[in-house]
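Each remark here refers to the structure printed beneath this line.
In what follows, chains are A, B, ... by sequence order, proteins preceding strands, each numbered from 1. Everything quoted here is computed from the prediction, not taken from an experiment.
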Protein chains: 2
Amino acid sequence: MPKQVTIQDVAREAGTSVSTVSRVLTGSARVSKAKRVAVEEAIARLGFRPSHVARSLRTHATFSVGLLVNDITNPFFSALARGAEEEAIRRGYSMMLCNTDNDPDRELQYLRMVRDKRVDGIIFGPTGANGAQIAQIVGSIPLVMIDRRIDEVPAAAVVADNEGGAYRAACALIQRGYHRLGIVAWLPPMETLAHRVTGIHRALSGHDIPIESAPIIRVSRIEPKEVRRVVREWLTERLEAGDAPSALFALNNQLGLGTLRALRDLGLKIPDEMGLMVFDDLEFFEVTLPPISAVAMPARQMGQRAMRHLLDRLEKPGEHLHEVTVLPTEVRIRQSI
Amino acid sequence: MPKQVTIQDVAREAGTSVSTVSRVLTGSARVSKAKRVAVEEAIARLGFRPSHVARSLRTHATFSVGLLVNDITNPFFSALARGAEEEAIRRGYSMMLCNTDNDPDRELQYLRMVRDKRVDGIIFGPTGANGAQIAQIVGSIPLVMIDRRIDEVPAAAVVADNEGGAYRAACALIQRGYHRLGIVAWLPPMETLAHRVTGIHRALSGHDIPIESAPIIRVSRIEPKEVRRVVREWLTERLEAGDAPSALFALNNQLGLGTLRALRDLGLKIPDEMGLMVFDDLEFFEVTLPPISAVAMPARQMGQRAMRHLLDRLEKPGEHLHEVTVLPTEVRIRQSI
DNA sequence: TTGTAAGCGTTATCAG
DNA sequence: CTGATAACGCTTACAA
């Protein structure tokens with residue numbers, strides 16, 4: 001372990017004081033040309049690199065932020081993370097990645113960890129649980145919610161236009177003659193999914209279709225295999241009873257993937273025997289046969305915007321507006337409807 | 001900004017000294033029951049949380065590691081990141097996410113950043129460039145290479161069995177009668193891709209097929225659209241000349257996606273008019289029509305193993321073996337060949 | 001078992 | 001413009 005070069009060493013080498021070295025480091029005050037070059041040369045000679053941790057202790061700023069998301073493996077969140085990270089690095093911040101796996105306990109554990117590490121701020125896709133505890137843990141750390149919000153915690157948020165996207169997508173379905181919609185949803189109550197359902201219902205009502213005619217298929221676990229099984233069984237039953245919907249609307253990309261597989265299992269021809277629409281577009285929906293219609297969320301942009309919000313607030317702490325930014329979604333009609 | 005609670009406050013509240021508080025915090029020495037409960041109560045009362053940054057300054061350990069990968073948006077890397085993160089959190093470490101975008105400059109920038117932040121170690125998927133500089137920047141920070149290696153930097157590595165996987169996949173192609181292979185590759189020289197080519201060549205030779213009969217289609221940019229265009233044009237030309245391969249072997253998932261689209265553009269029936277094999281399996285290859293054969297890399301496990309290596313080494317610095325772990329790949333034959 | 005005090009590597013205050 | 005020096009919040013000898 002070669003001893004690390006400190007500001008003291010640089011001062012000695014440059015024949016000056018640590019304060020002067022610090023001043024050229026931070027540019028916080030004027031330094032004579034002569035001294036500055038002496039210091040710069042000493043730094044180069046010694047290969048000195050100031051310790052962020054010492055600096056952080058002194059300044060109470062770590063230039064790092066925590067990103068808590070459900071699962072980075074989900075394309076939506078990886079795109080979001082990418083957007084956030086890009087903005088962060090551009091502004092000199094680094095980002096700690098935390099996968100909560102939608103588990104309230106992990107969420108709390110992570111929140112504590114980043115708080116203890118004294119991150120300057122947090123970008124947070126909440127599970128929806130532990131409202132009060134979160135507020136308490138986070139305390140006064142600047143926080144931006146992403147994708148979902150949570151009422152107990154006052155914070156800015158960046159979300160997608162879930163209701164609007166679902167509404168327009170449902171209208172497209174209806175206009176193409178799919179009047180009987182089956183909604184594939186996930187069991188746990190989530191704000192985003194609820195909004196999507198609302199959008200669909202609004203479209204239905206707007207076309208004088210009773211919302212009771214659109215059954216909701218609720219899967220309890222989000223694993224593709226499970227979704228596939230549940231949807232397949234549900235559909236089989238309905239088909240036998242002659243009471244099946246003419247199109248399925250899956251409320252997120254994982255549900256969409258499972259649904260697609262269920263449809264394949266049953267050998268149902270898309271879009272003739274069953275239409276398919278999924279909320280949250282994936283790159284590969286473009287290349288399946290047939291290509292699948294989806295409503296696209298601006299994931300990367302959401303991450304970028306959330307990070308921008310956060311850093312803006314860190315850098316000029318004047319404004320404490322907890323605004324919620326709603327980013328538009330885009331309905332992409334392909335051949336599955 | 002409510003002033004933060006420090007160990008001093010706890011000591012005062014508990015009627016003891018800071019050292020005693022520190023001892024109950026770290027468990028580094030025995031403390032009488034009475035004092036301990038006094039301290040614990042004081043901590044609870046005050047909501048004290050020790051500052052990791054102060055601790056790090058003192059102990060020279062930050063309990064954080066840097067993860068540098070090409071692009072988290074690529075499913076291979078997000079799975080890898082997930083595996084790494086899981087192991088990290090399990091052992092009390094946090095992970096900084098850095099996307100290098102395969103850009104040597106960004107790579108250097110990030111390496112400097114994590115080093116300045118005094119991460120305890122680095123997991124690093126190198127671009128392949130700046131060997132000497134990397135060695136210099138990283139200095140004595142424990143480092144584990146992932147996916148690719150780089151000769152100038154002595155470090156442990158975790159890689160997939162690229163050659164073996166490609167070999168077995170090529171054998172499968174040949175056995176099914178695809179004797180004329182077109183290899184879709186990326187232009188920049190990369191160890192992993194080279195190994196894959198080697199594997200294919202070995203399979204060809206083993207079946208007495210001259211390797212010259214397997215042309216390499218080199219795309220200069222990895223964007224799907226570009227891959228698609230290049231492959232389509234190349235194929236069109238060959239088809240017209242009556243000199244096309246009978247199957248295409250794409251060397252990574254992005255190339256695979258682009259190739260698939262090119263095949264669709266040309267209306268070539270898979271697997272009858274053209275076979276397709278891609279290195280690096282994606283979830284959705286299972287659900288395309290037809291499902292696509294691929295060789296699967298244990299991405300998540302690679303991340304986990306790399307992190308395990310790294311942390312093991314941090315925790316018992318005795319061993320300095322720069323071993324390279326080669327994880328097996330699995331050929332998954334589906335209906336595209 | 002407990003307390004005092006000396007750092008860890010910076011930045012910031014305050015004189016000169 | 002420059003230099004001592006006191007924090008920052010913690011851990012760890014060293015003493016008691």
Side-chain angles (χ1 to χ4, degrees), chain A residues 1-40 42-43 46-64 92 115-120 139, chain B residues 1-40 42-43 46-64 92 113 115-120 139 141:
Chain A
M1 189 90 79
K3 208 184 161 334
Q4 110 168 270
V5 181
T6 75
I7 200 174
Q8 310 274 357
D9 303 321
V10 176
R12 192 176 319 115
E13 175 83 12
T16 178
S17 71
V18 294
S19 353
T20 300
V21 178
S22 175
R23 284 193 268 260
V24 347
L25 249 32
T26 63
S28 59
R30 301 197 55 80
V31 173
S32 68
K33 180 113 186 176
K35 290 274 180 189
R36 177 169 34 252
V37 305
V39 167
E40 279 162 354
I43 288 178
L46 268 36
F48 166 73
R49 294 270 71 201
S51 160
H52 252 77
V53 1
R55 181 175 286 177
S56 294
L57 179 59
R58 200 39 241 246
T59 62
H60 297 282
T62 55
F63 282 86
S64 63
R115 172 255 261 142
D116 292 351
K117 292 225 166 154
R118 301 297 192 261
V119 294
D120 294 339
Chain B
M1 190 91 77
K3 209 183 156 336
Q4 102 168 276
V5 180
T6 75
I7 200 173
Q8 311 273 358
D9 303 320
V10 176
R12 191 176 319 115
E13 175 82 11
T16 178
S17 71
V18 295
S19 14
T20 300
V21 178
S22 174
R23 284 182 194 112
V24 345
L25 248 32
T26 63
S28 59
R30 302 196 57 79
V31 173
S32 69
K33 182 113 185 176
K35 290 273 180 192
R36 177 169 36 248
V37 306
V39 167
E40 279 161 355
I43 288 177
L46 268 37
F48 166 73
R49 293 270 72 200
S51 160
H52 251 77
V53 2
R55 182 175 285 176
S56 293
L57 179 58
R58 200 36 243 246
T59 61
H60 297 283
T62 55
F63 282 86
S64 64
M113 164 173 259
R115 173 256 260 143
D116 291 351
K117 291 227 166 155
R118 302 297 191 262
V119 294
D120 295 339
I141 305 174

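- Regarding A:Arg23, its CZ atom lies at a distance of 16 Å from the P atom of C:dT10, rounded to whole Å.
- Across all strands shown, A:Ser28 has no heavy atoms under 4.0 Å from either base or sugar-phosphate atoms.
- Of all heavy-atom pairs spanning B:Gln8 and B:Val18, the tightest one is OE1-CG1, 3.5 Å.
- Atom CG of A:Asp9 and atom CD of A:Gln4 lie 9.0 Å apart (nearest 0.5 Å).
- Proximity of a side-chain donor or acceptor of B:Lys117 to a complementary backbone N or O of A:Thr62 within less than 3.5 Å is detected.
- The closest side-chain heavy-atom distance from A:Ser56 to A:Arg118 is not below 4.5 Å.
- Along DNA chain D, read 5' to 3', the first and last nucleotides having any atom under 4.0 Å from a heavy atom of chain B are D:dG9 to D:dA13.
- Within a 6.0 Å sphere centred on CZ of A:Phe63, other residues, nucleotides and ligands contribute 12 heavy atoms or fewer.
- Between B:Arg23 and B:Ala29, the closest heavy-atom pair is CD-CB, 3.8 Å.
- Using a 4.0 Å heavy-atom distance criterion, B:Thr20 is classed as a sugar-phosphate-only contact.
- Listed by residue number, the members of residues 49-61 of chain A with any heavy atom below 4.0 angstrom from DNA chain D are A:Leu57, A:Arg58, A:His60.
- Here A:Thr6 does not reach the OP1 or OP2 of C:dC8: none of its side-chain N or O atoms lies under 4.0 Å away.
- Once rounded to the nearest 0.5 Å, the distance linking CZ of B:Arg36 with NZ of B:Lys33 reads 6.5 Å.
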